[in-house]
Amino acid sequence: MQKPPRTYLKGEARLAVAIDLKRRYEAGATIRDLAEQTGRSASAVSALLQFAGTRMRPNHPAAD
């Protein structure tokens with residue numbers, strides 16, 4: 001499956017995406033989940049979450 005082309009978000013579109021990501025993150029999705037679902041990098045998702053004023057969960061090391 002091919003990823004959709006990335007688009008630069010600005011203005012109301014950026015805010016709308018950031019708010020949607022915040023809602024999904026607060027419902028339990030991880031940054032990696034959101035990155036995979038949206039085709040954006042984890043750092044881009046993190047930046048959008050911070051832009052939306054999201055209170056971030058602490059990182060937990062992966063279980064072996």
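In this chain, residues are counted from 1 in sequence order. Computed from heavy atoms alone, side chains included, the values below leave out hydrogens, waters and symmetry copies.
At most 12 non-hydrogen atoms from other residues, nucleotides or ligands lie less than 6.0 angstrom from CD of E36.
Taking both residues in full, the closest heavy atoms of A18 and A52 are given as O-CB, 3.6 Å, listed atom of the first, atom of the second, then distance. The two residues S41 and A35 make their nearest non-hydrogen contact at C-CB, 3.9 Å.
Partners of R23 under the side-chain hydrogen bond (donor to acceptor under 3.5 Å, both in side chains) rule, at least two apart in sequence or in another chain, are D20. Among residues two or more places apart in sequence or in another chain, the side chain to side chain contact (heavy atoms under 4.5 Å, CB included) test is passed with Q50 by S46. In this structure, E26 has no side-chain hydrogen bond (donor to acceptor under 3.5 Å, both in side chains) partners at least two apart in sequence or on a different chain.
Cluster note: F51 groups with L15, I19 through ILVMFWY side-chain heavy atoms spaced under 4.5 Å, whether in direct contact or through intervening members. Counting side-chain heavy-atom gaps under 4.5 Å among Ile, Leu, Val, Met, Phe, Trp and Tyr, the cluster of V45 also holds L9, V17, L21, Y25, I31, L34, L48, L49, M56.
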